[in-house]
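What follows is a short report on a single structure.
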Amino acid sequence: MAQTTAPTKTILRALAGETLATPPIWMMRQAGRYLPEYKATRAEAGDFLSLCYNPDLATEVTLQPIRRFGFDAAILFADILLVPQALGADLWFVTGEGPRLSTVTTQADFDQLKPVDDIHETLNPIYQTVRNLAGALPPETTLIGFAGAPWTVATYMIAGQGTKDQGPAHQLRINDNPLFESLLNLITKATIEYMSAQIEAGAEVMKIFDSWAGSLSGEAFQKYALEPAREITQELKKRHPGIPIIGFPREAGDQYIGFHKATGVDCVALDNSVSAEWAAANVQVDGCVQGNLASRHMVTGGQDLIDETRSIVKAFSKGPHIFNLGHGITPDANPDNVQLMIDTVRDAG
Ligand code: CP3
């Protein structure tokens, strides 16, 4: 639900602009393969997509890292590629490789996609997971919902898989710009409806994942990263006054500067390509930031983890900050290192 009175949960306080003595903490991909209990539930579900669409099991895996670590936020267990699937794309996951989708590269492909109003038919189980979680989480834990940003989702829909340089999406952007823009526009509209339904089901914060924003620059960054994030943010805030939004234009580099102002997001999530000192001076000056410990510390641990965690907490200590990794935790991470990170953040504050 949208926050209309002064928030009490720590993450909502940081998102409202408060500087807290101890930053609240959660972790991207906190429900995932580094946890034995996740692997057990995933095996019970069969495959990853069956897990996403099973509200009981998706609720269970979302709660697992909250039970184990007491994070300040839970993030809905789902995937950014459910939106293309709801729009009619075929989607499957190849073990050890990643997602595969039917491609959209021609007008005929685009014309076969479903209208935005039809997405809920596929996505209803996700809203049920959100409702379950809203009733099941401890009162101090914030529930974060999410979707992929239109550009990032489009890169998968156009290429039919993850790509190193987003080449196929850039090709369509350049060679058939009207089709590219139609696709981006459709994803933007679907994303607004999807996020809006998550908020109605009880999600308290929305995060927009633009994992491939870093491959856009100049005017293309303005049009295809900033503008869709602005449109989604403005529409969600119009429909749900006060709903806090986190933007994550990953690897945006110096294009992180001004992102709060250009889009209206309440918080900008930072990856590891920018230093905390630089981001404090250039991004946190405009509002809350989230990040940005390198995920590898969850594998390597030790004094290096402690030193780096302390230095990030210190660098962001003069403004609103939510502690997180710079990207998702990896399957080879050691859960003991997650606990060490949390203890270090809570001691350092
Ligand atoms: O953060 C969370 O814990 C919430 C759930 C979540 C998942 N994916 C679960 C997941 C979120 C927020 C995502 C976002 C997502 N999905 C992004 C954007 C963030 C990022 O990582 O850059 C992207 C690009 C995707 C698409 C996707 N999903 C890929 C490329 C892969 C394969 C790579 C991999 O890590 O296996 C996935 C699968 C996926 N999504 C898993 C999880 C837990 C692993 C699935 C499994 O259990 O095998």
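Both ligands and their constituent atoms are indexed starting at 1 by order of listing. The chain is numbered in sequence order, starting from 1. All of these numbers come straight from a predicted model, not from anything done at the bench.
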Does any N or O in the side chain of Asn282 come within less than 3.5 Å of the main-chain N or O of Trp278, such that one atom is a donor and the other an acceptor?
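Such a contact is found between Asn282 side chain and Trp278 backbone.
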Are the side chain of Thr103 and the backbone of Thr105 linked by a donor-acceptor contact shorter than 3.5 Å?
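Side chain of Thr103 to backbone of Thr105, a donor-acceptor pair under 3.5 Å: no, none is there.
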Ligand 1 to [X] polar contact by distance, N or O atoms, under 3.5 Å:
X: Arg250; answer: no
X: Trp26; answer: no
X: Arg33; answer: yes
X: Asp79; answer: yes

Phe77 heavy atoms, cut-off 4.0 Å: which ligand 1 atoms fall inside?
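The atoms of ligand 1 under 4.0 Å from a heavy atom of Phe77 are 43 (C).
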Need the ligand 1 atom indices (1-based, order shown) with element for anything under 4.0 Å from a heavy-atom of Gln30.
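Near Gln30, meaning under 4.0 Å from one of its heavy atoms, ligand 1 has 3 (O).
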Restricting to pairs with a member in residues 44-64, which pass ring pair (Phe, Tyr, Trp, His ring centres under 6.0 Å), not counting sequence neighbours?
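Residue pairs with at least one partner in residues 44-64: Phe48-Phe77, Phe48-Phe93.
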Looking only at side-chain N and O atoms, does [Y] offer a donor or acceptor that is under 3.5 Å from a partner on [X]?
X: Asp56; Y: Thr59; result: no
X: Glu181; Y: Asn185; result: no
X: Gln128; Y: Asn132; result: yes

Given Ile329, Ile80, Val153, Leu82, which has its nearest heavy atom closest to atom 23 (C) of ligand 1?
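Heavy atom nearest to atom 23 (C) of ligand 1 belongs to Ile80.
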I want to confirm something. Looking only at heavy atoms, which of Tyr34, Phe48, Tyr38 is nearest to atom 10 (C) of ligand 1?
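Checking each option, the heavy atom nearest atom 10 (C) of ligand 1 is found in Phe48.
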Please classify the Leu76 to ligand 1 contact at 4.0 Å (heavy-atom distances, strictly less than): side chain, backbone, both or neither.
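For Leu76, the contact with ligand 1 is made by the backbone alone.
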His327, portion touching ligand 1 at heavy-atom distance under 4.0 Å
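For His327, the contact with ligand 1 is made by the side chain alone.
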Protein contact to [atom] [nearest heavy atom, distance to 0.1 Å]:
atom: atom 11 (C) of ligand 1; answer: Phe146 CZ, 3.6 Å
atom: atom 24 (C) of ligand 1; answer: Tyr156 OH, 3.2 Å
atom: atom 3 (O) of ligand 1; answer: Arg29 CA, 2.9 Å
atom: atom 18 (C) of ligand 1; answer: Ser211 OG, 3.1 Å
atom: atom 46 (C) of ligand 1; answer: Arg42 NE, 3.1 Å

So is [X] in contact with ligand 1, going by heavy-atom distances below 4.0 Å?
X: Phe93; answer: yes
X: Ala78; answer: yes
X: Pro99; answer: yes
X: Met27; answer: no

Taking transitive links into account, so neighbours of neighbours count too, which hydrophobic residues share a cluster with Trp92 at under 4.5 Å side-chain distance?
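Besides Trp92, the cluster holds Val94.
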Pair [X] + [Y], salt bridge at N-O below 4.0 Å:
X: Asp271; Y: Arg250; answer: no
X: Lys189; Y: Glu193; answer: no
X: Glu37; Y: Arg67; answer: no
X: Asp72; Y: Arg13; answer: no

Report yes if the side chains of Pro335 and Phe69 come closer than 4.5 Å at any heavy-atom pair, otherwise no.
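Side-chain contact under 4.5 Å: yes.
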Protein heavy atoms near atom 33 (C) of ligand 1, is at least one of them under 4.0 angstrom away?
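No, because not a single protein heavy atom sits under 4.0 Å from atom 33 (C) of ligand 1.
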